Each structure stands twice: as structure tokens, then as C-alpha cells.
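Step one of this worksheet: look at the structure below.
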Amino acid sequence: MKIMVVGGGGREHAIIKKIKENKDVTEIFALPGNGGMAKDATLVDIGAKDIEKIVEFAVENSIDYAIVAPDDPLVLGCVDALEVKGISCFGPRANAAIIEGSKVFSKNLMKKYNIPTAAYEVFNDMGKALEYLETAPIPTVIKADGLALGKGVIIAQTRDEAKAAVVSMMQDKAFGSSGDNIVIEEFLTGPEVSVLAFTDGKKVAPMVSSMDHKRAGDNDTGLNTGGMGTIAPNPYYTKAVAEDCMEKIFIPTMNAMNNEGRTFKGCLYFGLMLTPNGPKVIEYNCRFGDPETQVVLPLLKTDLLTVMKAVTEERLSEIDVEFSEESAACVIMASKGYPQSYEKGFEMTIPEDIENNVYVAGASLKDGKLLTNGGRVLGATAVENDLRSAVKSAYSLVEKIHFDNAFYRNDIGAKALAVLED
Ligand code: AMP
Ligand code: GLY
């Protein structure tokens, strides 16, 4: 089977490594992939948003199965366009990807179907938004409607900060047209849990839970990033919480999307907050999370391609999606300065004997040398019997990897360990 994976980060590398385990897979193409994946996939110089070229490539190369991993192509209708040409795909169609593509859509969906989430108001008029903020409870949360590279969310601690956020989104267009509509919502508190779930619109099969570490610095200080590390499973996500989420959030979301004529097939990501009033949805993503995937997939025992194809063919109920009882930890190594400005082009050394544990997010190959080519450069993942050992092993992997200006958090998993060992 010839497989095509659209996307080029650490998440895609984790998907590719897992797909490779299937004996029927003869070739994997990554569009565009990155230099750090060259041993695992054939790199194709087509950007993940170039839907026309992606489809053309798939047809010309008789691709048997396509996995569309990032939010942008999903929201742009990459799966729809591939399906028109008869190519079987993993990922939601555009009309379902909107669950991530529009926060206004997802908030209204949750309200309509009584799915627990933060209380909110939607605004398309800046004056009205500013007026609302005169009396809104503080802190408050301002969200741009559309995709904004994970940056369109501002937690405002004061009224002035909230107003400034509204002006920057609606007047200064800090996130382009994503800020034409905004959501102002209730500030929630509690531990956060990420749950990725396979769904074919008939069954939801949640994967092992995980915990992201979004801030750049130790002890959750510094700027928000795309994620500086993950652990799985998330100790806050007990069996009782999982059952509650299944009943009140996962199944109702699947049913809601069906009811709206927007059946979601693919990986649905639930960003949850375990509030004093029960679990609530902070966000939906229409795809695998990054870097959650880098700890979740290594724990998957069932063959990934088999599960994905079952989703595509709406046969998920025929399959038991099984996870290992072990724990995983992933430490992201970034380039100094990330998430703001950083330099690229530093030579990387990754010892061959640990390559299997490394998911490269941003690298280029030049004259046989691997050079850093992004803010988040790679993730080192370890799987062990318990979380403490997994964290320790992940950091010993990090010590064996070198590139100039590397930086990483030193406390990935610390909060989870404190909960477990309390
Ligand atoms: P998002 O881009 O939607 O994942 O939001 C980024 C982060 O902002 C989340 O991971 C939360 O930590 C935080 N956040 C989003 N919405 C809320 C909320 N209503 N209350 C508190 N924190 C929030
Ligand atoms: N790690 C959060 C995300 O993938 O959006």
C-alpha cells in the first residue's frame, strides 16, 4: 500500500513511524514532511495547504490511502477534494473540521446540545464587545473565531487587558479575518486534560489521555507555545472522569455532529478542563494534537492503519482499540527564542540507536547534514512501566541529542508525578 501523509511536524513523524509498522505498507510519502523524517518517508515538496497539488500528487502516484493531519488542510477541504478523486482518506471533511475551524460554531454546537463548556457571548461588533466587557466577570477569555496558530486565545486578568485584546483582534486584525467574530467566555479553573478519540460517526474510541505543557518555561511560566512536552496517561483523568466525559461530552458531540449533517470521521481532540463543576470542553480540534500524538501513539497496541481504515469505512465498532498500560513522556527540544524569534540552521546530532524515540518537528537536510529548521525542533519520547521512569528516560534521550541554542523545559511530567505520588 502506498500511503500519503499531509503535514510536516513531530505529530506527522509519530504517525508515519506508527504506520510503518503495518506490513502491507510499501511506501510512505510526506507532504511536505521535514528533513528529519527522510529515513521514514519520501519527502515531497508540496505544502500542506496546497490542496490542488496534494490531490494531483495523490492521483499521479496512485496513493492508496491518505492521512491528512494538520488543521489547515482539513478546514480547507483537503479530504473532500481527495475523495472526489476516489482516494480513501483519514480525516474529517470540511463541514466537520469546522468544529475546530470556527469557535463560534463549536460554542453554539455545545450550547444547542447541552455539552458542558464555559458560558460565552459571540460578538461581530467591536463596540458591543467593549460595552459587554464593562461589566463582564474578570478574568475573562477572548477567542478569535477562526484558526490562529493556537495564538488566538487571550486570558485577560484585567478589564483593560480584555479591551486591548478585543481591539487587537477586531480592529487591528492581529489574526486577520479570524478576528472578525470573537467569543468572550467565562474563565474556568481546574486541571487540563487532552483526550484524542477515533470516531467514525457511529462509535467513539477514546485514546489514552495526556497532558500538554503549553508554556515555554519551567513551572508554567513564560509565553504560550504549541506545546513543550507531554505525558500520558494524565493522572487527573480517572476512570470515573472518563466515564463522565464519555456520557456527557464524547457521545453527545458525535451525535450532535451527526444531527447537524456534519458527521465527524477521523481523530477528534477534546481539550478538557476538570472544573469544580465537572469536566468542560475548552476546545475541540479536528485532528491529532501536537505533541500529544508523540506520547499517545507509542502506547497504541492496535495497528494504527487498521484503526484508521476502520474509521474511514465506518467499521470502528468491529475493532478494539487497545492501549498499553505503560506511561510515556515526550520532551520537546526547541531553538532558543521560541515561541518568538529564533535562529535556524544549527547542525543536529541524533545518535542512531535512539532515532526510534525521536520525532522531528523542524529540520532540513543539507549535504547529508540535518539542520534545525523551526522553533520546535524535535520531541524525544520514552515509554516505561511508570511515569517517573518514562520522564527520566525521556530526559536521558534529550542529553544524547545536540544542536546549538537548544532549550527545553526541565519539568515535563513534574505536575503529573506530584498528583500520582501525593
Ligand atoms: P486553546 O487555544 O483554546 O487551547 O486555549 C489555549 C489555552 O487557554 C487552553 O489550553 C487553556 O489553558 C486556556 N483557556 C482557554 N479557554 C479557557 C477558559 N474558558 N478558561 C480558562 N482557561 C482557558
Ligand atoms: N497540543 C495542542 C494542539 O495540538 O492543539
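Scope of the values below: all heavy atoms of this structure, side chains included, with no hydrogens, waters or symmetry mates. Read the numbers this way: they start at 1 and go in the same order the structure lists the ligands and their atoms. Because the structure is a prediction, the values reported are computed rather than measured. Residue indices begin at 1 and follow the sequence shown.
- Close contacts of ligand 1 with Ile155, meaning ligand atoms under 4.0 Å from a residue heavy atom, involve 8 (O), 13 (C), 14 (N), 22 (N), 23 (C).
- Residue contacts with ligand 1 for Glu192 involve side-chain atoms from C-beta outward but no N, CA, C or O (heavy atoms, distance under 4.0 Å).
- Taking CD of Gln294 as the reference point, atom CG of Leu297 lies at 8.5 Å (rounded to 0.5 Å).
- When each atom of ligand 1 is checked for a heavy atom of Lys103 under 4.0 Å away, the hits are 3 (O).
- Within the listing of ligand 1, atoms 16 (N), 17 (C), 18 (C), 19 (N) sit less than 4.0 angstrom from a heavy atom of Glu185.
- Below 30°, between 30° and 60°, or above 60°: for Phe198 and Phe90 the angle between ring planes is above 60°, a perpendicular geometry.
- Close approach of ligand 2 to Glu292 (heavy-atom distance below 4.0 Å) involves ligand atoms 1 (N), 2 (C), 4 (O).
- The distance from ligand 2 to the heavy atoms of Gly289 drops below 4.0 Å at these ligand atoms: 4 (O).
- In this structure Glu421 satisfies the side-chain contact (heavy atoms from CB on, under 4.5 Å) test together with Arg388, Leu417, sequence neighbours excluded.
- Here is the list of ligand 2 atoms found below 4.0 Å of a heavy atom in Asp212: 1 (N), 2 (C).
- Both the backbone and the side chain of Leu188 come within 4.0 Å of ligand 1, counting heavy atoms alone.
- Within the structure, the closest approach of Arg287 to ligand 2 falls below 4.0 Å when heavy atoms are considered.
- Residue Lys214 has no nitrogen or oxygen atom sitting less than 3.5 Å from a nitrogen or oxygen atom of ligand 2, judged on distance alone.
- For the pair Lys415 and Tyr236, the cation-pi test (distance below 6.0 Å, angle within 45°) is failed.
- The shortest non-hydrogen separation linking Arg409 to Met228 is CD-CB, 3.8 Å.
- Between Phe57 and Phe29, the ring-plane angle classifies as perpendicular under the 30° and 60° cut-offs.
- Shown here are the side-chain contact (heavy atoms from CB on, under 4.5 Å) partners of Pro32, two or more places apart in sequence or in another chain: Ala48.
- Ligand-side atoms of ligand 1 in range of Phe187: 20 (N), 21 (C), range being under 4.0 angstrom from any heavy atom.
- Residue contact annotation: Tyr269 has a non-hydrogen atom under 4.0 Å from ligand 2.
- Every atom of ligand 2 is numbered from 1 in the order shown, and the set under 4.0 Å from a heavy atom of Asn285 is 3 (C), 5 (O).
- Below 4.0 Å from some heavy atom of Lys143 lie the following atoms of ligand 1, by number and element: 3 (O), 15 (C), 16 (N).
- Counting only heavy atoms from C-beta outward, the side chains of Leu365 and Leu370 approach each other to under 4.5 Å.
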>> Test ring pair (Phe, Tyr, Trp, His ring centres under 6.0 Å) on Tyr284 and Tyr269; report intermediate values, then the result.
In response: CA-CA 6 Å; Tyr284 291 115; Tyr269 169 123; 9.6 Å; no
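- Residue Glu283 has no nitrogen or oxygen atom sitting less than 3.5 Å from a nitrogen or oxygen atom of ligand 2, judged on distance alone.
- Looking at Arg215 against ligand 1, nothing comes within 4.0 Å, counting heavy atoms.
- Crowding of Arg93 atom CZ: a count of heavy atoms from other residues, nucleotides or ligands under 6.0 Å not exceeding 12.
- If you number the atoms of ligand 1 from 1 as listed, the ones under 4.0 Å from a heavy atom of Val153 come out as 1 (P), 2 (O), 3 (O), 5 (O), 8 (O), 15 (C).
- The closest side-chain heavy-atom distance from Thr312 to Tyr65 is below 4.5 Å.
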